[in-house]
Amino acid sequence: MLVKHGVVIGLGRLTSHLPSSSSSSVLRRQQFLVRALCGSQIIRAMSSTSEADAESILRTVTPSLDPKRHKGQAGKIAVIGGCREYTGAPYFAAISALKIGADLSHVFCTKDAAPVIKSYSPELIVHPVLEESYNISQLSEEDQRTVQDKVLGEVNKWMERFDCLVIGPGLGRDPFLLECVSKIMLLAKKSNVPFVVDGDGLFLVTNSIDLVNSYPLAVLTPNVNEYKRLVQKVLNCEVDEQNAEDQLRSLAKQIGGVTILRKGKSDLISNGEIVKSVSIYGSPRRCGGQGDILSGSVAVFLSWAQQLKQDPESPSENPAILGCIAASGLLRKAASLAFTKHKRSTLTSDIIECLGESLEDICPAS
Ligand SMILES: NC(=O)C1=CN([C@@H]2O[C@H](COP(=O)(O)OP(=O)(O)OC[C@H]3O[C@@H](n4cnc5c(N)ncnc54)[C@H](OP(=O)(O)O)[C@@H]3O)[C@@H](O)[C@H]2O)[C@@H](O)CC1
Ligand SMILES: Nc1ncnc2c1ncn2[C@@H]1O[C@H](COP(=O)(O)OP(=O)(O)OP(=O)(O)O)[C@@H](O)[C@H]1O
Ligand SMILES: [Mg+2]
């Protein structure tokens, strides 16, 4: 629409110097060419614009609060992330999942990060199971393997209970830890558990693309840096802003049809076939942690969209695409509301506080 307006204004400017009553064939031809050019721009802009109706998708995928449902049916999410440096990111992702309506939210993090994350919230179930190199470097190779098996055993005993994992917020880049996480991805794939890969999970995946290649239940949520690295690695070229939609489609196709949510001024979403955008006005504040809210939210909406799939009346679109659109729309609405209240001091926690009110506005609880 904005592009359309831009073109219409441009047309007015371009033709304003031409006398409207001119009978000169040259002038008439110029006017015709200008209109034809601008007209085709409008058509091109409209046909390439694939803005999703995020509010309507939010209404479709959000389940009603049915008293017959038991704990767990509205979603069990697990975040794999949280290390010495980063405790905020996994907390933001996990608490956002609960605030949107998931029933249970787990965090699998390192031993150092666990007490800190627990102290942020008693609502989260925190497993201090991940290990970093500095803790095991004095061990023999065999003992290191035993530690890794123990970590994987701890995660795997829960795996089938989860509706979706979020892999990467605040994970860090420790090599031993990332090796364990790559094996956690293999376990999730074996159990057909969907996962959202974000933050340092994307660092891991970009260097080992096979971890997600052709897994239809994988969603990648890169920010500007993470996207650049993915494009360079997978497509062997630079990011092309002029052909952003086509490039995203090619990237998702090249990784075997995984869903990619490219974060930015507009969020762009593709599974290698369709491309959708979500451009609802959000917030001009770019404080850290908003991507973590998004990854936790995608996990919840994806799980809800998966449940809907069992209903023959359900929308035919891929649950991962629906989950991404719903999460992006809700985050932007909450960010906008938080900014109205807090202006320059808006923080990620303020946006999390607005998730409930924003969802309520679209899908009232009763
Ligand atoms: N409150 C919290 O706890 C929050 C924690 N957060 C968590 O932070 C982690 C990184 O995510 P981010 O978004 O800062 O990564 P991004 O924009 O690609 O990098 C920016 C620049 O930093 C650099 N760099 C990063 N890590 C590096 C490393 N280990 N060692 C060396 N360089 C490193 C990076 O360099 P490059 O990747 O280009 O080599 C780039 O230049 C991730 O786990 C995220 O979840 C966020 O969610 C926010 C809230
Ligand atoms: N320039 C922008 N204008 C409006 N919204 C934006 C802009 N850039 C990002 N966003 C919104 O903020 C959300 C988070 O994107 P961002 O690029 O900040 O992620 P991130 O860097 O991974 O965040 P985090 O700090 O949590 O790691 C996106 O879903 C998007 O909707
Ligand atoms: Mg991030």
Side-chain angles (χ1 to χ4, degrees), residues 2 51-52 54 79-96 107 109-110 112-113 116-117 120 130 132-134 166-178 181 196-207 219-233 239 241 244 260-269 276-299 301 323-339 346-352 354-355 358:
L2 270 177
E51 181 69 15
V79 176
I80 314 288
C83 62
R84 271 207 293 195
E85 286 89 352
Y86 308 121
T87 55
Y91 166 76
F92 292 143
I95 202 76
S96 299
V107 178
C109 58
T110 65
D112 301 316
V116 182
I117 299 172
Y120 297 151
L130 303 181
E132 289 186 78
S133 305
Y134 70 89
V166 183
I167 302 179
L171 196 58
R173 297 185 183 177
D174 179 81
F176 182 82
L177 190 149
L178 290 185
V181 173
V196 180
V197 187
D198 188 37
D200 298 312
L202 287 166
F203 175 79
L204 169 66
V205 157
T206 303
N207 293 320
V219 177
L220 315 185
T221 55
N223 68 11
V224 61
N225 287 327
E226 293 151 355
Y227 186 71
K228 190 171 156 210
R229 283 197 294 262
L230 262 177
V231 167
Q232 287 170 340
K233 187 73 190 239
V239 173
E241 292 300 345
I260 303 178
L261 191 171
R262 178 193 170 177
K263 297 177 283 195
K265 191 161 179 286
S266 289
D267 288 340
L268 277 184
I269 299 150
K276 298 278 180 190
S277 68
V278 179
S279 320
I280 299 167
Y281 183 71
S283 153
R285 280 281 284 134
R286 301 267 62 81
C287 52
Q290 295 181 62
D292 305 318
I293 303 182
L294 185 78
S295 58
S297 312
V298 171
F301 287 117
C324 289
I325 295 170
S328 169
L330 182 68
L331 167 63
R332 284 166 171 263
K333 201 169 152 58
S336 161
L337 183 59
F339 186 73
T346 306
L347 296 180
T348 294
S349 330
D350 301 317
I351 302 174
I352 291 172
C354 290
L355 287 170
S358 305

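One-based numbering, in listed order, for ligands and for the atoms of each. Treat the numbers as computed from the prediction; the structure is a model and nothing was measured. For reference, positions follow the sequence shown, starting with 1.
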Next on the checklist: Set out, in order, the CA-CA distance, both residues' side-chain angles and the distance that settles side chain to side chain contact (heavy atoms under 4.5 Å, CB included) for Ile80 and Leu130, then state yes or no.
Outcome noted: CA-CA 9 Å; Ile80 314 288; Leu130 303 181; 4.2 Å; yes
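- Under the 3.5 Å distance criterion, the side-chain polar atoms of Ser96 are left unmatched by any main-chain donor or acceptor of Leu294.
- For the residue pair Ala54 and Gly329, the shortest heavy atom distance occurs at CB-CA, 3.9 Å.
- One option in Gly168, Gly88, Gly172, Gly82 has a heavy atom closer to atom 1 (N) of ligand 1 than any other, and that option is Gly88.
- Taking every non-hydrogen atom of Asp292 and a distance limit under 4.0 Å, the qualifying atoms of ligand 1 come out as 45 (O), 46 (C), 47 (O), 48 (C), 49 (C).
- Scanning the protein for heavy atoms near atom 21 (O) of ligand 2, the closest one is Asn223 ND2, 2.9 Å.
- In this structure, atom 22 (O) of ligand 1 is not in close contact with the protein, since no protein heavy atom lies within 4.0 Å of it.
- Residue Asp267 has at least one N or O atom closer than 3.5 Å to an N or O atom of ligand 2.
- Residue contacts with ligand 1 include Arg229, since one of its heavy atoms falls under 4.0 Å from the ligand.
- Ile117 has its side chain within reach of Pro90: a pair of non-hydrogen atoms, C-beta onward, lies under 4.5 Å apart.
- Side-chain contact between Leu171 and Val181 is present, with heavy atoms from C-beta onward closer than 4.5 Å.
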Next on the checklist: Would Thr221 and Glu226 count as a side chain to side chain contact (heavy atoms under 4.5 Å, CB included) here? Give the steps.
Outcome noted: CA-CA 9 Å; Thr221 55; Glu226 293 151 355; over 6 Å; no
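- For atom 14 (O) of ligand 1, the nearest protein heavy atom is 4.0 Å or more away.
- Nearest residue to atom 7 (C) of ligand 2 from Cys287, Gly264, Gly282, Ser295 is Gly264 (criterion: closest heavy atom).
- Annotation: Ser328 places no N or O atom under 3.5 Å from an N or O atom of ligand 2; distance criterion only.
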Next on the checklist: Quick one, Asp198 with Lys263, criterion salt bridge (charged side-chain N to carboxylate O under 4.0 Å, His left out). Give me CA distance, side-chain angles, the key distance, then yes/no.
Outcome noted: CA-CA 11 Å; Asp198 188 37; Lys263 297 177 283 195; 3.2 Å; yes
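- For ligand 1, the atoms sitting less than 4.0 Å from at least one non-hydrogen atom of Pro169 are 45 (O), numbered in the order shown with element in parentheses.
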Next on the checklist: Checking Asn207 against Lys233 for the side chain to side chain contact (heavy atoms under 4.5 Å, CB included) test, could you report, in this order, the C-alpha distance in whole Å, the side-chain angles of both residues, the deciding distance, and whether it holds?
Outcome noted: CA-CA 8 Å; Asn207 293 320; Lys233 187 73 190 239; 3.9 Å; yes
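- Summarising the contacts of atom 26 (N) of ligand 1 with Gln290, Arg173, Glu226, the nearest heavy atom is found in Arg173.
- We find that Arg84 and Asp174 are not joined by a salt bridge, their nearest charged nitrogen and carboxylate oxygen being 4.0 Å or further apart.
- Protein non-hydrogen atoms do reach within 4.0 Å of atom 26 (O) of ligand 2.
- When only interatomic distances are considered, the shortest N/O to N/O separation between Gly170 and ligand 1 falls below 3.5 Å.
- Across Thr87, Asp200, Asn225, heavy-atom proximity to atom 40 (C) of ligand 1 is greatest for Asn225.
- Applying the 4.0 Å criterion to heavy atoms of Gly288 picks out, from ligand 2, the atoms 25 (O).
- In the vicinity of Gln290, heavy-atom distances shorter than 4.0 Å reach the ligand 2 atoms 14 (C), 26 (O).
- The residue among Lys263, Arg286, Glu226 with a heavy atom at the shortest distance from atom 12 (O) of ligand 2 is Arg286.
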Item to check | Evaluation steps, side chain to side chain contact (heavy atoms under 4.5 Å, CB included), between Tyr120 and Thr87 | outcome: CA-CA 9 Å; Tyr120 297 151; Thr87 55; 2.6 Å; yes
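- Proximity of a side-chain donor or acceptor of Ser328 to a complementary backbone N or O of Cys324 within less than 3.5 Å is not detected.
- With hydrogens left out, the protein atom closest to atom 13 (C) of ligand 2 is Leu331 CD2, 3.7 Å, a heavy atom.
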Item to check | Audit row: Ser279, Glu51, side-chain hydrogen bond (donor to acceptor under 3.5 Å, both in side chains) steps and yes/no | outcome: CA-CA 7 Å; Ser279 320; Glu51 181 69 15; 2.7 Å; yes
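- Side chain of Ser336 to backbone of Arg332: no donor-acceptor contact under 3.5 angstrom is found.
- For Gly289, the heavy-atom gap to ligand 1 drops under 4.0 angstrom.
- Residue Ala89 has at least one N or O atom closer than 3.5 Å to an N or O atom of ligand 1.
- When non-hydrogen atoms are compared, ligand 1 lies under 4.0 Å from the side chain of Asn223 (C-beta onward) but not from its backbone.
- Under the 3.5 Å distance criterion, the side-chain polar atoms of Lys228 are left unmatched by any main-chain donor or acceptor of Val239.
- Protein heavy atom closest to atom 14 (C) of ligand 2, with residue, atom name and distance, is Gly291 N, 3.6 Å.
- Shown in contact with Leu171 at under 4.0 Å from a heavy atom are these atoms of ligand 1, numbered in order with element: 43 (O).
- Contact between Gly289 and ligand 2 is present, with at least one heavy atom of the residue lying under 4.0 Å from the ligand.
- Nearest protein heavy-atom contact of atom 10 (C) of ligand 1 is Tyr86 OH, 4.0 Å.
- The distance criterion of under 3.5 Å between nitrogen or oxygen atoms is met by Asp292 with respect to ligand 2.
- The closest donor-acceptor contact from the side chain of Gln290 to the backbone of Leu331 lies at 3.5 Å or more, if one exists at all.
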